[in-house]
Amino acid sequence: MKSGLKKFGLALAVALAISIVLALLPANSDRIAALNAERLHAALKDSCAENGLDYPLSCNFVINQEELVPLTEELERLGPFSGRNGAVRDCTLSISSCGLLLKAQLSGNEITNLETSVPSLLWTSLLPAILAVCIAMATGRILPALATGVICGAVLQHFDATLLAPFSGAGSGTYRVLRNVLLDDFHIEIFLFTFAIIGMVNVASASGGISGLARLLGRMARGTRSTQAATALLGLAIFFDDYSNTIVLGSSMRPLTDKARISREKLSYIVDTTTAPVAALALVSTWIGYEVGLIGDIMKTLNIGGSPYGVFISTLPFRFYCIMSLIFLFANIASGREIGPMSVAQARSFTSGEVLRPGSKPLSGTATQAVSGRELALNAIVPILSVIVLVIIGMAANGAGIISPEGFNSAALSAFDWARLLTFENNYIVMCQNGTWVLMIAAFVGSGLAILLGTLYGNSPLTALFKAWLSSWKVLALAFGVLILAWSIGETNGNLGTGQYLVALLADSLPQWLLPLMIFITGALISFATGSSWGTMAVLLPAAVPLAWHMGGMPLLIIGVGAVLDGSIFGDHCSPLSDTTIMSSISSGCDLMDHVRTQMPYALIVAATAILLGYSIAVLTVPWLSYAVSALVFGLLLRFAGRKSPQADI
C-alpha cells in the first residue's frame, strides 16, 4: 500500500514538473488567438443553430480585457456564425476571460442571452494526458491513471474561477464526457465488433477449430522465427483495416505463438506493428479515405490543383517511420535477437514457458476455452476468412452507396462499376464512410458461421458454443473499461484543445530542412498525448501543410504531409491511451503496460532512425538510400546490442 502511494506521489511530482516546464515555454500568441477564435466561432455557430437563430447577425463586440482584441479581430475575419435567412439583426457579443474559460454572450432585441464557453488554449490542456501517462508508467495500473486524467480534464473544461467549479466539473463534467463516449455510434460499433470477434474465436476454440488451425499452421511454422514471420506476414495480408488486423491476427495466432513459447509481449508488438503502419501505407484501406479527404480540404484551401490521392501516393516514399517499422520488425525476427525489456520477456517465455509475466493482468483474461469438439481447422478458417471477405465486400458496397445503416439503395447497385475495384483513386473501399458498421456486421456473421460449423462438423453441443460466445463479456470487462476511459481522455483533449495548443507551442517558422523533422516530432507529441492518430492528423495537417507549401512549394508539402501522417502513427504506437495499442493488448491477451513497456524501445529506435536518416535530410537525399542504410543500421544494432534468444533456428 505504501509502495503504491509512493509511486503515485512520484508520478504526480513528475507530472507537475513537466507541466511547469511547459507553462514556461512561450507559445505563438497570434496562432493562439486564431485557434481560440475558431473554437469559439464553432461553439457560437452550434449554439445559434440549437436556438433557432437562422438570420444573419451584425455584432458589436464588448470585451473585458485588452488581450482579447486579437480574438475579436479573428472572429470578424471568420465571418458570420449565425444563419443567412432574412434581414440582418443587430446584436452585442460580449466576450470575457473567466478562469480557464472564454465565455461569449449574445444579446439583442430578439435574442435571449445566448451563452456559450470554451476552454482557452493554455498549457493546462496538456495536464490530463501528462497525469494519465505518468501515473500509468509509475504504477503500472492503467484504470486509475486513465480515470485521473478524465476527471482532471472534466474539471478543466468547467473551471471558471468560481468556488464550486472543480466539484461541478468532477461530477457533472465527468458524467457528460462518459455519456458522450458511451452514446457515440463509432464506439458502440467498436464494442460490438470486438465482442463478436473475440466471441467467434472463443467458439472456434471451443469447437476445436483453433487447435486444428494451430496444428495446420504448425506444419509451416515449426520454430520461433518461422512462427513470428508467419504472424507478421498474416498481418501484412490483412492490410485493409487496422481494427480487423488487430483483433483477427492476435486472436487467431495466439495459440500458435504460445506453443512456440513466444511471449505475449512479442506477439502484441508484431500485431501492433502490422496494424496502423500497414493500413496507413496500403493503397486501398479504411485509412485512405480519411487521409485523402484531409489532404483534399487543404489543397482546396491553398488553391492547389491536382489529385489529393495523387499527393497521398507521392508521400509514400517519405513515410520513413511506417516503412522503417516494418524493416525493423523483419530484421528483428530474422536475427532472433531482442533488445531491452523485450529480451527479458522473450528469455522468460523461452526458458520457463511463461508467455505472460507473473502478476500481469492481460486485458482479455487468462482463461482458455475447454475444447468440446474435434480438432478441425475448417471450423476456424471459414469464419475468419468470412469476416475478411465480408469486410472487403461490405466496405466496397458502402463506398458505392449500396448499403448503409439507413438501408439498401437499389439504384446504386445497378450503377455499380466493377472496374473501380481494380483502381486506386476512385476505389469504392477508399470511399467507404462507415467502416466500423461493416466490421460489426461481418463479425456477427462470422460468429454465426463459427457456431454453425462447430455444431455440424465439430460435433460440439450448441449450448457449449453459445456459452463460449457469451463468455466474451466476462473476459473483455477490463478491456472495455480501459477503452471507455481512453476515449474519454480523447474527448476531453479535444474539448480542451490539447492538439491545437501543441501546434501553437511548437509549429513556428523554421529552416526549410528542419521543418519535416519538427512536424514529425510535433505530430508524435500530439498523438502520444491524445492517443489518437486520426485526431492528430486533423489538428496538424491544416497548420503544418500550408507552412510547408509557402516555404518550399509542392516538394516540401509532400514531405510535410508524410511527416504529419508518420508522426501521428509513431505517437499512437507508443501511447497507452491509443485504442489500437489497447486492442493489440486485448487480442494478444497481454497486459497493456507490459505491451507499452516492451514495444516503446523498438518504436523509439525506429523513430530515431527515421529522424536521423529520414526527416532531418529528407529535402537533401533520395528516400531509397535512407531505407537501405536503415536496414544496415538495424542489422548492426541487433547484432551488437541485441541478446540472442534461446530459440530454435527455424
Side-chain angles (χ1 to χ4, degrees), residues 19 22-47 59 61 63 65-81 93 95-104 116-130 153 156-157 159-160 294 297-298 301-302 490-510 515 518-519 521-530 532 534-550 560 564 567-568 571:
S19 301
L22 291 171
L24 295 175
L25 293 176
N28 186 315
S29 57
D30 291 337
R31 196 183 296 273
I32 287 282
L35 292 169
N36 272 331
E38 290 175 8
R39 289 157 51 78
L40 194 58
H41 188 275
L44 284 165
K45 190 172 184 178
D46 291 341
S47 295
C59 293
F61 290 97
I63 56 177
Q65 292 177 334
E66 190 68 25
E67 290 79 6
L68 295 175
V69 170
L71 177 66
T72 61
E73 292 173 347
E74 291 292 336
L75 282 172
E76 284 186 304
R77 184 183 62 81
L78 290 171
F81 41 78
L93 178 58
I95 303 174
S96 59
S97 179
C98 303
L100 302 179
L101 306 182
L102 289 171
K103 291 194 171 184
T116 190
S117 66
V118 296
S120 183
L121 291 180
L122 300 165
W123 68 269
T124 49
S125 65
L126 305 175
L127 199 52
I130 292 172
L156 294 174
Q157 286 180 63
F159 195 82
D160 59 1
L294 291 174
D297 289 342
I298 295 166
T301 301
L302 296 174
E491 173 95 1
T492 61
N493 284 336
N495 294 337
L496 292 171
T498 303
Q500 289 95 328
Y501 181 76
L502 279 170
V503 168
L505 190 66
L506 301 171
D508 282 323
S509 297
L510 299 163
L515 182 64
M518 292 309 299
I519 290 175
I521 293 173
T522 303
L525 290 173
I526 295 173
S527 184
F528 184 83
T530 61
S532 171
W534 282 26
T536 302
M537 294 172 193
V539 166
L540 191 55
L541 276 171
V545 174
L547 183 61
W549 168 254
H550 291 300
V564 171
S568 303

### Task
Please collect all salt bridge (Lys or Arg N to Asp or Glu O under 4.0 Å) contacts where either partner lies in residues 36-46, sequence neighbours excluded, each pair once.
none
### Query
Hey, what do you get for CG (D30) to CD (E73), rounding to the nearest 0.5 Å?
9.5 Å
### Task
First locate atom CG of D160, then atom CG of L101, and finally report the distance between them rounded to the nearest 0.5 Å.
5.5 Å
### Task
Measure the shortest side-chain to side-chain distance between F159 and T124 over non-hydrogen atoms and say whether it is less than 4.5 angstrom.
no
### Query
Listed by chain and number, what are the side-chain contact (heavy atoms from CB on, under 4.5 Å) partners of S96, not counting sequence neighbours?
N64, C98, K103
### Query
What pair of heavy atoms forms the shortest contact from A33 to P70, and how long is it?
CB-CB, 3.9 Å
### Distance (rounded to the nearest 0.5 Å) between S117 OG and L44 CG
10.0 Å
### Nearest heavy-atom neighbours spanning P80 and H41
O-NE2, 3.5 Å
### Summary
A42 meets the side-chain contact (heavy atoms from CB on, under 4.5 Å) criterion, sequence neighbours left out, with none
### Pairwise distance CD1(I63) to CG(L71) - rounded to 0.5 angstrom
8.5 Å
### For G560 against I519, the heavy-atom pair lying closest together
O-CG2, 3.9 Å
### Task
For T116 and A43, work out which heavy atoms get closest and say how close.
OG1-CB, 3.7 Å
### Task
Grab the two heavy atoms, one from S527 and one from G567, that are nearest each other, plus how far apart they are.
CB-O, 4.2 Å
### Task
Report yes if the side chains of L156 and P128 come closer than 4.5 Å at any heavy-atom pair, otherwise no.
yes
### Summary
Contacts of Q65 meeting side-chain contact (heavy atoms from CB on, under 4.5 Å) (sequence neighbours excluded), chain-then-number -> E67, L68, S97
### Message
Holding to side-chain contact (heavy atoms from CB on, under 4.5 Å), I want the full list of residues that pass it with A524, two or more places apart in sequence or in another chain.
### Response
F570
### For the student: nearest non-hydrogen atoms of F61 and I95, plus distance
CD2-CD1, 4.1 Å
## Note on the structure
side chain to side chain donor-acceptor pair (under 3.5 Å) filter on N36, not counting sequence neighbours, yields none
## Note on the structure
Interatomic distance, CG@L100 vs CD@Q157, rounded to 0.5 Å, equals 11.0 Å
### Query
When rounded to the nearest 0.5 angstrom, what distance separates CZ in F81 from CG in L93?
5.0 Å
